[in-house]
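Ligands are counted one by one from 1 in listed order, and the atoms in each one are counted from 1 as well. These numbers come from the heavy atoms of this one structure, side chains and all, not from hydrogens, waters or symmetry mates.
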Amino acid sequence: MDRIIDGKAIAAQLRRDIGEEAARLKERGITPGLAVVLVGEDPASRVYVSMKEKACAQAGIFSDEHKLPAETGQEELLELIAALNRDDRIDGILVQLPLPPHIDESIVLEAISPKKDVDGFHPYNVGRLVTGNPLFQPCTPYGIMKMLEVSGVDLSGKEVVVVGRSNIVGKPVALMCLAKHATVTLCHSRTRDLAGQVGRADVLIAAVGRPEMIKGEWIKEGAVVIDVGVNRVGEKKLVGDVEFEAACSRAAAITPVPGGVGPMTITMLLHNTVESARRRAAQT
Ligand code: NDP
């Protein structure tokens, strides 16, 4: 196993495979389609949406963009989602979060058909993940699992420590590791002796959002470290949640920031969209 887990390279290979699958589906008359809905002007969301559109174009996925003004009402948004649910050209629907404060995020996410919920945030898909029978898995944790798989990390019987319990990263990745037969510890802001918990990890997954809060000296010799955190320090520099240099000398393998988990997230969105199109093809 390489010491640096190269998310960029893994994502590039997966995107080639996804592009080939999209081309095969196209030959059968099914073009995978992703609807991307953005409400408002949030600059970070705009960047993410344009990255998703570009990635779709590169993979041969049709992307249907809906950029709505910030004052769009909840009913209008729900009507658009209902129309996209009915639209046969659309295999996946992504509503970029966060939504403006006057819109109830959970109502909107639940309005997306679970069969087109390529972000995996609908309670139906969350329930399928919890019960060990996933339909769509959320993209960042799914990307982490792909990285571990490609890097040859067998989780069976291993101690996995996840730091962070969000619905989009910490909780789902903990469930996915459990499904791979790891013994999982889920840590958060009230965890006592975080250093001690981290020190037991054969595989550490950090998803906190605090620059380098996990110290290299806490990490067990030979551990695999997945750093999900993306933290801007100063004008341009991005760092993860783990003290990278110090962790490098102890870890058997580690993901860098940037170039680790980041490129995997959009890749898994493309994967889920093509998978959804494949299900459509199987029905026709
Ligand atoms: P959230 O803010 O939703 O969750 C952060 C979690 O960290 C919470 O569970 C919180 O605990 C926990 N936490 C906060 N402080 C501490 C502490 N001192 N000790 C232990 N745990 C603590 O973050 P997200 O899950 O959305 O994102 C986490 C990071 O991952 C961010 O940097 C984000 O930018 C990045 N990210 C990267 C993605 C990518 O594609 N690369 C995608 C998604 C996220 P509590 O629940 O108790 O408050």
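The protein non-hydrogen atom at the shortest distance from atom 44 (C) of ligand 1 is V169 CG2, 4.0 Å. Nearest protein heavy-atom neighbour of atom 34 (O) of ligand 1: V230 O, 3.7 Å. Among protein heavy atoms, atom 15 (N) of ligand 1 sits closest to R210 NE, 3.0 Å. Nearest non-hydrogen protein atom to atom 21 (N) of ligand 1 is H188 C, 3.2 Å. Nearest protein heavy-atom neighbour of atom 29 (C) of ligand 1: G209 N, 3.7 Å. In this structure, atom 39 (C) of ligand 1 lies nearest to the protein heavy atom T265 OG1, 3.7 Å. The shortest contact between atom 48 (O) of ligand 1 and any protein heavy atom is with S189 OG, 3.7 Å. Nearest non-hydrogen protein atom to atom 3 (O) of ligand 1 is S166 CB, 3.4 Å.
Salt bridge R280/D91: present, at least one basic N to carboxylate O contact under 4.0 Å. A salt bridge links R89 to D87: one of the charged nitrogens lies within less than 4.0 Å of a carboxylate oxygen. The residues R24 and E21 are annotated as salt-bridged, a charged nitrogen and a carboxylate oxygen being separated by less than 4.0 angstrom.
Using a 4.0 Å cutoff on heavy atoms, M213 counts as a contact of ligand 1. At least one heavy atom of G262 sits closer than 4.0 Å to an atom of ligand 1.
Per-residue contacts place I168 under 4.0 angstrom from the following atoms of ligand 1 (heavy atoms of the residue considered): 26 (O). Heavy-atom proximity to G164, at under 4.0 Å, picks out these atoms of ligand 1: 6 (C), 7 (O), 9 (O). Here is the list of ligand 1 atoms found below 4.0 Å of a heavy atom in T140: 40 (O), 42 (C).
For atom 5 (C) of ligand 1, the candidate residues are T255, V208, T191, V173; the nearest heavy-atom contact is made by V208. Selection from G240, P263, A207 by nearest heavy atom to atom 28 (C) of ligand 1 gives A207.
Under the side chain to side chain contact (heavy atoms under 4.5 Å, CB included) test applied with E159, the options V184, D202, L204, V203 reduce to a single match, D202. For the side chain to side chain contact (heavy atoms under 4.5 Å, CB included) test with F244, the passing option among I254, V239, D227 is I254; the others fail.
Residue contacts with ligand 1: R165 is placed with a nitrogen or oxygen under 3.5 Å of a nitrogen or oxygen of the ligand (distance criterion only).
Across every non-hydrogen atom of N231 and G240, the tightest pair is ND2-O, 3.0 Å. Residues N125 and F136 share a closest heavy-atom pair of OD1-N, 3.4 Å.
For the 3.5 Å distance criterion, the side chains of Q13 and R16 qualify, holding a donor opposite an acceptor. Of the N and O atoms on the side chains of S156 and D154, not one donor lies less than 3.5 Å from an acceptor on the other residue.
Close placement of the Y142 and H271 rings is indicated, their centers lying within 6.0 Å of each other.
Proximity of V228 to ligand 1, defined as any heavy-atom pair under 4.0 Å, is shared by backbone and side chain alike.
Considering only heavy atoms from C-beta on, K116 stays 4.5 Å or farther from L84 through its side chain.
Atom 19 (N) of ligand 1 is flagged as protein-proximal [any protein heavy atom, distance under 4.0 Å].
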